[in-house]
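Working notes for the structure below.
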There are 2 protein chains.
Amino acid sequence: MATTNPSFMNGVPELLVLRLLQGREMYGYEIVQAIREETGDVVSLGEGVVYPVLHTLERGGAISSERRAVGGRSRIYYALSPKGVSRLTELTELWSRITGAVQQVLVGGGHAGLV
Amino acid sequence: MATTNPSFMNGVPELLVLRLLQGREMYGYEIVQAIREETGDVVSLGEGVVYPVLHTLERGGAISSERRAVGGRSRIYYALSPKGVSRLTELTELWSRITGAVQQVLVGGGHAGLV
DNA sequence: GTATTATACCTTTCAGTTCGAGGTATGAGG
DNA sequence: CCTCATACCTCGAACTGAAAGGTATAATAC
């Protein structure tokens with residue numbers, strides 16, 4: 001950890017991948033399309049983003065992989081580990097705190113003086 | 001400029017600064033502290049972030065500056081221009097769309113099929 | 001009178017993330 | 001047979017934001 005100085009807004013791809021894997025086991029190519037579809041193309045992470053995230057996550061023990069042949073296709077399915085669950089919780093809370101703080105400023109209207 | 005490849009999550013400092021200036025004219029040092037205070041220290045942008053943002057914004061015509069002496073202090077006050085207002089609208093909408101999309105995935109629970 | 005702190009501005013350097021492009025391989029359909 | 005969609009992967013470029021350091025002045029403390 002002690003990630004040096006991570007920008008306060010980062011780690012969203014990681015968050016999305018972990019969340020999707022919480023629902024079911026998925027493979028990389030599938031995750032790429034799921035993100036596009038579930039966000040209505042608002043967020044579109046390419047394979048160049050998703051695959052490295054998966055590898056980092058696996059290296060850190062947050063997910064595990066298993067190669068399977070499905071209909072002649074070779075896919076690598078990823079599953080969330082307990083470590084991944086707590087990491088997901090962590091990131092979700094962080095995301096919540098940050099968006100809340102930003103919202104605070106957006107709504108605050110310049111009259112900071114609230115109780 | 002042509003967007004090159006801006007990460008979909010960037011531009012939050014710019015958004016916050018514009019929003020604060022919508023309320024009243026402010027100077028850099030003041031903005032740094034205001035962000036810290038209004039977000040309860042959740043978001044803390046240093047001077048090394050805020051000043052460059054102000055300069056970029058001014059170069060782009062989104063804000064205008066005016067040097068004033070206040071109680072022996074020399075401060076540079078910034079004010080939002082019409083261009084800055086529309087930029088603020090733009091960024092606010094983008095922010096809203098993105099956080100909405102992320103929320104969609106976070107809540108979606110894997111059963112994408114909604115009406 | 002001088003030293004320290006808080007105000008107020010600024011820039012440069014560094015590191016991390018994300019993006020895009022490119023590269024390999026196989027099964028299915030024309 | 002050739003092309004397209006599936007499915008995996010990596011490297012290089014680019015941008016952002018963080019930290020640290022640098023200047024100057026007013027107010028306070030000693």
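Order of the sequence lines sets the chain letters (A, B, ...), proteins ahead of strands, with each chain counted from 1. The shown structure was predicted, so the numbers you read here are calculated from the model rather than taken from an experiment.
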Go through the structure and list residues passing side chain to side chain donor-acceptor pair (under 3.5 Å) with Arg59(A), not counting sequence neighbours.
none
For Gln33(A), the side chain to side chain donor-acceptor pair (under 3.5 Å) test, sequence neighbours excluded, returns none
Length of the [atom1]-[atom2] vector between [X] and [N], whole Å:
| X | N | atom1 | atom2 | result |
| --- | --- | --- | --- | --- |
| Glu30(A) | dA5(D) | CD | P | 19 Å |
| Met9(A) | dG16(C) | CE | C1' | 15 Å |
| Arg68(B) | dT25(D) | CZ | P | 22 Å |
| Glu58(B) | dC9(C) | CD | C1' | 13 Å |
| Ile35(B) | dA18(D) | CD1 | C1' | 14 Å |
| Glu14(B) | dG17(D) | CD | C1' | 13 Å |
| Asn10(A) | dG17(D) | CG | C1' | 8 Å |
| Arg67(A) | dC9(D) | CZ | C1' | 11 Å |

Could I get the full list of salt bridge (charged side-chain N to carboxylate O under 4.0 Å, His left out) partners for [X], not counting sequence neighbours?
| X | result |
| --- | --- |
| Arg97(A) | none |
| Glu58(B) | none |
| Arg87(B) | Glu14(B), Glu90(B) |

Name all pairs fulfilling the ring-ring contact (aromatic ring centres under 6.0 Å, His included) condition that reach into residues 79-99 of chain A, sequence neighbours left out, sorted by first residue then second.
none
ring-ring contact (aromatic ring centres under 6.0 Å, His included): pairs with one or both residues in residues 24-46 of chain A, sequence neighbours excluded:
Tyr27(A)-Tyr77(A)
Going by an N to O cut-off under 4.0 Å, is there a salt bridge joining Glu25(A) and Arg75(A)?
no
Contacts satisfying side chain to side chain donor-acceptor pair (under 3.5 Å) that involve residues 41-51 of chain B (not counting sequence neighbours) are Arg36(B)-Ser44(B)
Side-chain contact, heavy-atom cut-off 4.5 Å: Leu54(A) with Val17(A)?
yes
For dC9(D), does OP1 or OP2 lie under 4.0 Å from any side-chain N or O of Tyr51(A)?
no
For dC9(C), does OP1 or OP2 lie under 4.0 Å from any side-chain N or O of His55(B)?
no
Specify the residue among Gly71(A) and Val53(A) whose closest nucleotide of DNA chain C lies further upstream toward the 5′ end.
Val53(A)
With nearest nucleotides of DNA chain C determined for Gly11(A) and Gly72(A) from heavy-atom distances, which residue corresponds to the more 5′ nucleotide?
Gly11(A)
Going by the side-chain contact (heavy atoms from CB on, under 4.5 Å) test, name the single residue among Val43(B), Leu20(B), Leu16(B) that passes it with Glu38(B).
Leu20(B)
Residues from residues 85-103 of chain A lying under 4.0 Å of DNA chain C - heavy atoms:
none
Which of residues 39-49 of chain B have a heavy atom under 4.0 Å from DNA chain C?
Glu47(B), Gly48(B)
Who are the side-chain contact (heavy atoms from CB on, under 4.5 Å) partners of Thr92(B), not counting sequence neighbours?
Leu15(B), Leu88(B)
With 3.5 Å as the limit, what N/O pairs link the protein to nucleotides 1-7 of chain C?
{"unit_1": "dT7(C)", "atom_1": "O2", "unit_2": "Arg73(B)", "atom_2": "NH1", "d": "3.0"}

5'-most contact on DNA chain D (nearest-nucleotide basis), Leu54(A) vs Phe8(A), goes to Leu54(A)
